[in-house]
Every structure is written in structure tokens, then in C-alpha cells.
Q: 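Mind looking over this structure? Questions follow.
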Amino acid sequence: MTSTIKISPSILSADFAKLGVEISELEKAGADLIHIDVMDGHFVPNITIGPEIIKDLKKHTSLPLDVHLMISPVHKYIKNFAEAGADIITIHPETTNNLIETINEIKKFSKKAGISLNPETTIEKVLPVLNLIDLVLIMSVNPGFGGQKFIKETLEKVRLLRKEIDQKKLSVEIEIDGGINFDNAKIAKNAGVDILVSGTTIFKNNKGNIKKNIETLRNL
């Protein structure tokens, strides 16, 4: 577990009319990564952005783009997102016919590979490939929309994964996304999380003072 928690603000809660400015502000405010949710209206009930927007956003920050693909089938789109500038590409096991092949496709473009587990998906889906990936993203809400309530039962997955990663001495980070706020960030950290994804809390709390909100989340 890292001693300093990383903060990956989710742009799902940003003002899309001025996204480039918002991303530059996040970097100045001390964010470690930029979390970008890509939804297809098929695997999850919402539609967001595609590779072209990611290519444009890349011009506004030097931070790693933490791209979470909630699209199915995912394999044929890896190249597009890799070439658009994604630094971490996270996929769901349910969106590919061959998980190892898709991980290898991500690695082929020298990108970090992540696996995301929905609240109802067990850690058994990721354990066989844990040595091949860089990140596990635990969804603490059902993916699709921002502003949902944190499902605290998902922290048990974090604890189990933390134990497994530490025992095997793997350099795999654990990220959590969904309803993360000032009330639950500390318990997520204590469970073994390395990266907190937060949207509403970072963009809306303290009258939109994102620097203060990032620092508060980091230091809880």
C-alpha cells in the first residue's frame, strides 16, 4: 500500500463546456491522475465520450489519463484509446471474450492495464491475471451515473485484494470509484486502497474549491 494516497478526479462531474480549463485546474490543484469514464449506452446505461475528446484533453495536461472503458465489446477499441493518449486503460472482464488477449493488446501499446470489478463481480475474475496487470478498479457503485451512494460492502474486496497483492509482492495498485466523499475516504484508505476516484466531492464541495477538496481527501 502506498503511504500517500493518489487522487484521480473524475471528469464526469466537470463542466463539459470548459473541459480543457477544468483539467488544467485539476493539475494545478494537485491531482495525480485524470479519471475519464467512457460509456457506450450498452454495457452501462449512459453515453459519454470517445477517443477524439481524449486526444484533445491530452493537450491540456501532463497528468496520466486514467481511462475507464465501460464499453462492450471492448477489444476492438483498445487501439483507438491507446493512440488517443490514454495512459491507463481499464476494462471489465465481462466485455471481452478473452481477457488475457485484451490485456496483451493494452500492453502492446505500452499502456498500463487495469481490470474493473462491478459491485456484483467477485475478485475471482481478476485473481488469475493479477500478475499481468497494473491496477484493479473496485466499483463502489453500479457504473453508469455520477453522484450515487457508496456501497460499503465493496470494501471487503479491497481487503482481500490488498492481502493477495502484498503476499505475492505484486506492483498492482487498487483504485476505488463510486460515491467517494469526505465521510468514507478514510475507511477506503484503511481497507488498502491506493487511488481514490472522486467526482462530485472534488468539483462541488467547498463551493467548488477543488484544491481544498483534493487536499482534504488526501489527508483524511
Side-chain angles (χ1 to χ4, degrees), residues 2 4-41 44 46-71 77-91 106 109-114 116 134-135 137 139-141 143-148 173 175-182 185 188 193-220:
T2 53
T4 305
I5 200 89
K6 291 181 185 175
I7 307 294
S8 187
S10 170
I11 64 165
L12 202 57
S13 299
D15 181 347
F16 271 58
K18 52 173 187 174
L19 212 40
V21 174
E22 298 261 69
I23 283 178
S24 298
E25 289 300 317
L26 288 171
E27 183 165 357
K28 287 179 203 159
D32 299 286
L33 310 113
I34 302 292
H35 191 82
I36 303 172
D37 289 308
V38 177
M39 308 182 193
D40 64 357
V44 287
N46 197 1
I47 297 173
T48 55
I49 64 176
E52 286 305 312
I53 292 178
I54 288 172
K55 190 187 288 184
D56 289 340
L57 295 181
K58 192 77 176 169
K59 300 167 191 168
H60 293 273
T61 183
S62 61
L63 293 179
L65 299 185
D66 173 21
V67 178
H68 177 197
L69 298 183
M70 290 169 267
I71 58 177
Y77 295 106
I78 298 299
K79 181 176 190 283
N80 303 67
F81 284 98
E83 290 179 348
D87 297 288
I88 304 165
I89 298 177
T90 298
I91 64 162
I106 295 168
F109 294 97
S110 303
K111 306 297 182 180
K112 288 187 174 182
S116 182
D134 305 281
L135 178 140
L137 170 57
M139 292 302 299
S140 44
V141 298
F145 296 93
Q148 294 184 65
E173 291 184 294
E175 183 172 48
I176 193 162
D177 180 11
I180 295 296
N181 57 34
F182 299 145
V193 165
D194 301 295
I195 305 167
L196 295 173
V197 176
S198 180
T200 307
T201 295
I202 286 174
F203 284 100
K204 312 293 185 203
N205 276 40
N206 293 307
K207 296 178 181 173
N209 185 337
I210 58 174
K211 189 175 198 305
K212 183 176 182 180
N213 295 333
I214 287 172
E215 285 172 359
T216 303
L217 280 173
R218 201 192 305 280
N219 297 318
L220 281 168

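Heavy atoms only: backbone and side chains are in, while hydrogens, waters and symmetry mates are out.
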Q: Does the Ser140 side chain pair with the main chain of Asp177, one donor and one acceptor, at a distance under 3.5 Å?
A: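 A pair under 3.5 Å: yes.
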Q: Which residues pass the side chain to side chain donor-acceptor pair (under 3.5 Å) test with Ser10, sequence neighbours left out?
A: Asp37
Q: What residue pairs, at least two apart or across chains, pass salt bridge (charged side-chain N to carboxylate O under 4.0 Å, His left out) with a residue in residues 198-211?
A: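 Matches after skipping sequence neighbours: Lys211-Glu215.
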Q: Decide yes or no for Leu57 and Ile34: does some side-chain heavy atom of the first lie under 4.5 Å from some side-chain heavy atom of the second?
A: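 No, side chains not in contact.
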Q: CE of Met39 to CD1 of Ile71: how many Å apart, nearest 0.5 Å?
A: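 These two atoms lie 12.0 Å from each other.
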Q: In chain order, what residues pass the side chain to side chain contact (heavy atoms under 4.5 Å, CB included) check against Ala14, with sequence neighbours excluded?
A: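 Per chain and number, Ala14 pairs via side chain to side chain contact (heavy atoms under 4.5 Å, CB included) with Ile11, Leu19, Glu22, Phe203.
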Q: What are the two closest non-hydrogen atoms of Val38 and Thr48, and how far apart are they?
A: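 In this case the closest contact between Val38 and Thr48 is CA-OG1, 3.3 Å.
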Q: Counting only N and O atoms by type, is there a donor-acceptor contact under 3.5 Å from the side chain of Asp134 to the main-chain atoms of Ala113?
A: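 Side chain of Asp134 to backbone of Ala113: a pair is present.
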Q: Closer than 3.5 angstrom, by distance alone: can the side chain of Ser13 be matched with the main-chain N or O of Thr200 as a donor-acceptor pair?
A: yes
Q: Within the 4.5 Å heavy-atom criterion, are Asp87 and Lys58 side-chain neighbours or not?
A: yes
Q: Specify the closest pair of heavy atoms between Ile180 and Ala185, including all atoms of both residues, with the distance to one decimal.
A: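 For Ile180 and Ala185, the tightest heavy-atom pair comes out as CG2-CB, 4.4 Å.
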Q: Roughly how far, to the nearest 0.5 Å, is CG of Leu217 from CG of Asn181?
A: 8.0 Å
Q: I need the minimum non-hydrogen distance between Gly50 and Phe81, along with the two atoms involved.
A: C-CE2, 3.9 Å
Q: Which heavy atom of Ile89 sits nearest to which heavy atom of Ile106, and what is that distance?
A: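 Nearest heavy atoms, Ile89 then Ile106: O-CD1, 3.6 Å.
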Q: For the residue pair His68 and Met139, establish whether any side-chain heavy-atom pair is separated by less than 4.5 Å.
A: yes
Q: Could you tell me whether the side chains of Asn206 and Asn213 share a donor-acceptor contact shorter than 3.5 Å?
A: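 Looking only at side-chain atoms, Asn213 and Asn206 do form a donor-acceptor pair, the distance falling under 3.5 Å.
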Q: Could you walk me through whether Thr216 and Asn205 pass side-chain contact (heavy atoms from CB on, under 4.5 Å), step by step?
A: CA-CA 11 Å; Thr216 303; Asn205 276 40; over 6 Å; no
Q: In Å and rounded to the nearest 0.5 Å, what is the NE2 to CG distance from His35 to Leu26?
A: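 Going from NE2 on His35 over to CG on Leu26, the span is 13.0 Å.
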Q: Looking at every non-hydrogen atom in both residues, tell me the closest pair between Val193 and Ile5 and how far apart they are.
A: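 Taking Val193 first and Ile5 second, the nearest heavy atoms are O-CD1, 3.1 Å.
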Q: Say you draw a straight line from CD1 of Ile195 to CG of Leu33; how long is it, rounded to the nearest 0.5 Å?
A: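 If we round to the nearest 0.5 Å, Ile195:CD1 and Leu33:CG are 5.5 Å apart.
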Q: What distance do His60 atom NE2 and Glu27 atom CD have between them, rounded to the nearest 0.5 Å?
A: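 CD of Glu27 is found 12.0 Å from NE2 of His60.
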Q: Would you say the side chain of Val197 lies within less than 4.5 Å of the side chain of Glu175, judging by non-hydrogen atoms?
A: yes
Q: Is any side-chain heavy atom of Asp32 closer than 4.5 Å to a side-chain heavy atom of Thr4?
A: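 Not touching, per the 4.5 Å side-chain cut-off.
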Q: Does Ile53 reach the side chain of Ile36, with side-chain heavy atoms less than 4.5 Å apart?
A: no
Q: Say you draw a straight line from OG of Ser8 to CD1 of Ile176; how long is it, rounded to the nearest 0.5 Å?
A: 13.0 Å
Q: Taking all heavy atoms of Gly30 and all of Arg218, pick out the closest pair and write down the distance.
A: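 It is O-NH2, 2.6 Å.
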Q: Using a 3.5 Å distance criterion without hydrogens, assess whether the side chain of Lys111 forms a donor-acceptor pair with backbone atoms of Ala86.
A: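 Side chain of Lys111 to backbone of Ala86, a donor-acceptor pair under 3.5 Å: yes, one is there.
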